[in-house]
2 protein chains.
Amino acid sequence: MSPQVSEARPRDREATRERILQAARTLFGEHGYERVTVRMIAASAEANIALVGRYFGSKAGLFAAVLQGEPDLHTLFEGDLESLPRRLAEYTAERMQHPSDSPIVRTLERFASHPEVRDVARERLITAVLSPLEARLTGPDAGARARMATSIFLGVSAMRRRIGPRTPTRADVDRLTAVFEACLADGPQGAVE
Amino acid sequence: MSPQVSEARPRDREATRERILQAARTLFGEHGYERVTVRMIAASAEANIALVGRYFGSKAGLFAAVLQGEPDLHTLFEGDLESLPRRLAEYTAERMQHPSDSPIVRTLERFASHPEVRDVARERLITAVLSPLEARLTGPDAGARARMATSIFLGVSAMRRRIGPRTPTRADVDRLTAVFEACLADGPQGAVE
DNA sequence: ACGGCTAGTAAACGAGCGTATACTCGGTTG
DNA sequence: CAACCGAGTATACGCTCGTTTACTAGCCGT
């Protein structure tokens with residue numbers, strides 16, 4: 001028998017850890033925390049179940065590691081302020097089309113009620129989305145406006161996936177832009193009237 | 001010993017069924033489908049676990065019965081069209097303050113990925129919220145506008161509860177009103193510019 | 001060549017889940 | 001009073017979960 005029957009993997013702690021992390025990233029983003037089992041992750045990573053506990057302590061620890069490793073959305077909030085609503089709208093629309101992109105956002109969208117997980121996800125949401133967005137805003141109530149925009153930013157796509165996974169049209173993006181303008185405007189009542 | 005030691009309940013099939021249904025309504029609304037166990041429901045209703053299966057077939061059947069029994073939101077969408085955005089905004093804001101109200105909405109907000117449950121919840125969401133709202137709209141893209149408004153309507157409060165359960169201020173409601181106006185307007189680009 | 005460290009494995013643990021079964025017992029009916 | 005129907009009960013089944021334990025086997029320094 002030739003030795004490449006099963007293509008034995010070299011023993012590499014760091015590479016295995018990374019495979020598990022990547023599998024968890026994908027699966028958590030796809031199905032959410034509670035619906036993904038440690039066995040699913042291990043199978044997807046082609047690693048032994050026990051290694052998840054060994055390298056990350058627990059399932060919640062692995063989830064935290066996933067969130068830690070995800071890049072921030074800073075670049076989305078940078079650039080000129082005037083076109084920020086449209087950038088948010090386009091990013092939101094894109095997430096509707098390619099739901100497997102951006103596992104962190106999908107994970108945050110559906111992070112559930114597991115107490116252990118809720119706190120770490122909440123903190124991550126604040127540092128990755130809410131705070132950088134708020135930092136860009138001027139005028140009164142910047143915190144409240146950023147909070148509402150974040151809610152729409154994440155909440156819309158979480159719901160949209162449920163009530164009709166249509167690909168957003170140009171008009172949808174335009175409307176979404178108007179929505180973000182209305183909620184980010186620094187006037188006393190936003191874009192109303 | 002007086003006979004009221006444990007205040008033995010009279011045997012009443014319909015009353016017991018109703019106690020289970022009410023307990024499920026509350027718990028599902030509070031914690032979502034997956035996080036509520038049949039045992040929790042039975043304990044809360046002070047009924048035997050087996051009765052849940054007897055009266056509702058299964059946990060998913062009980063969930064469906066809860067959704068069936070909840071009243072529609074028709075009244076919210078009735079009335080004059082001009083003030084509809086504000087009514088939506090105020091209702092959304094109220095749900096942020098009193099999250100235990102309206103179990104159906106909370107349930108729909110967080111209905112998860114259980115296939116059995118997703119379909120019934122989706123259908124209920126469409127008939128209770130999306131369709132009546134769409135029926136009120138005129139102009140082109142009424143379906144798309146109603147879909148986006150529904151997404152915001154449910155998604156915002158679902159997210160808001162995560163990133164900061166503050167009671168909405170007057171300015172928040174105003175901003176939310178502007179948001180709904182922007183997304184419900186029948187112009188080509190809503191309220192923008 | 002050969003211990004020893006360690007990545008990786010196999011298997012089981014205890015707990016909790018939804019569900020199903022066999023039973024008890026109170027109230028009504030003949 | 002006795003037979004019976006059905007509401008309510010106690011309990012266990014089969015399963016999956018996250019986690020842990022005891023073990024195997026490859027690589028390295030000497």
Side-chain angles (χ1 to χ4, degrees), chain A residues 3-24 27-28 31-66 111-118 120-121, chain B residues 3-24 27-28 31-66 111-118 120-121:
Chain A
Q4 67 232 36
V5 170
S6 181
E7 203 161 342
R9 216 189 307 278
R11 302 183 5 156
D12 186 331
R13 178 188 175 97
E14 212 48 49
T16 302
R17 208 192 104 104
E18 200 53 43
R19 282 208 320 281
I20 294 172
L21 197 59
Q22 182 54 43
L27 288 171
F28 281 146
H31 306 107
Y33 180 80
E34 314 202 23
R35 298 281 298 167
V36 172
T37 70
V38 175
R39 283 170 176 81
M40 286 168 62
I41 296 170
S44 170
E46 299 186 63
N48 191 276
I49 314 173
L51 296 181
V52 173
R54 176 109 73 208
Y55 294 150
F56 299 96
S58 65
K59 184 189 179 186
L62 173 56
F63 181 76
V66 166
F111 69 79
S113 26
H114 265 264
E116 292 176 323
V117 157
R118 188 173 46 190
V120 61
Chain B
Q4 68 232 34
V5 169
S6 180
E7 203 159 344
R9 217 189 306 278
R11 300 181 9 152
D12 186 331
R13 177 189 175 95
E14 210 49 47
T16 302
R17 207 192 104 104
E18 199 53 45
R19 281 207 320 282
I20 294 171
L21 197 60
Q22 181 54 44
L27 288 171
F28 281 146
H31 306 107
Y33 180 79
E34 315 201 24
R35 298 281 297 168
V36 172
T37 71
V38 176
R39 284 169 176 81
M40 287 169 61
I41 295 170
S44 169
E46 298 185 64
N48 192 276
I49 315 173
L51 296 181
V52 173
R54 177 106 75 208
Y55 294 150
F56 299 95
S58 65
K59 184 189 179 186
L62 173 55
F63 181 76
V66 166
F111 68 79
S113 26
H114 263 265
E116 292 177 323
V117 156
R118 188 174 47 191
V120 62

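Lettering of chains follows the sequences in order, A, B, ..., and the numbering in each one begins at 1.
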Less than 3.5 Å between a donor and an acceptor, one on the side chain of [X] and one on the base of [N], is that the case here?
| X | N | result |
| --- | --- | --- |
| A:Arg11 | C:dT6 | yes |
| A:Arg13 | C:dG8 | no |
| B:Arg54 | D:dG8 | yes |

Integer-rounded Å distance: [N] [atom2] and [X] [atom1]:
| X | N | atom1 | atom2 | value |
| --- | --- | --- | --- | --- |
| A:Ile20 | D:dG18 | CD1 | C1' | 15 Å |
| B:Leu51 | C:dC25 | CG | P | 17 Å |
| B:Arg35 | C:dG18 | CZ | P | 12 Å |
| B:Asn48 | D:dT9 | CG | C1' | 5 Å |

### Query
If you check every side-chain atom of A:Val38, which of C:dT9, D:dT9, D:dG18 has the closest atom?
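Closest nucleotide among those given: D:dG18.
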### Message
Heavy atoms from C-beta onward define the side chain here; which of D:dC17, C:dG18, C:dT9 lies closest to that of A:Arg39?
### Response
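Minimum distance to the A:Arg39 side chain belongs to D:dC17.
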Does some side-chain heavy atom of [Y] sit less than 4.5 Å from a side-chain heavy atom of [X]?
| X | Y | answer |
| --- | --- | --- |
| B:Arg35 | B:Met40 | no |
| B:Thr16 | B:Arg19 | yes |
| A:Leu21 | A:Tyr55 | no |

### Sole residue of A:Val38, A:Val52, A:Thr37 in side-chain contact (heavy atoms from CB on, under 4.5 Å) with A:Lys59
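Answer after filtering A:Val38, A:Val52, A:Thr37: A:Val38.
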### Query
Is any side-chain nitrogen or oxygen of B:Thr16 closer than 4.0 Å to OP1 or OP2 of D:dG8?
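Affirmative; the distance criterion is met.
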### Query
So, is B:Tyr55 close to the D:dG8 phosphate, meaning a side-chain N or O under 4.0 Å from OP1 or OP2?
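Yes, such a contact exists.
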### Query
How do B:Ala47 and A:Gly57 order along DNA chain D: which one's closest nucleotide is nearer the 5' end?
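The 5'-side residue here is B:Ala47.
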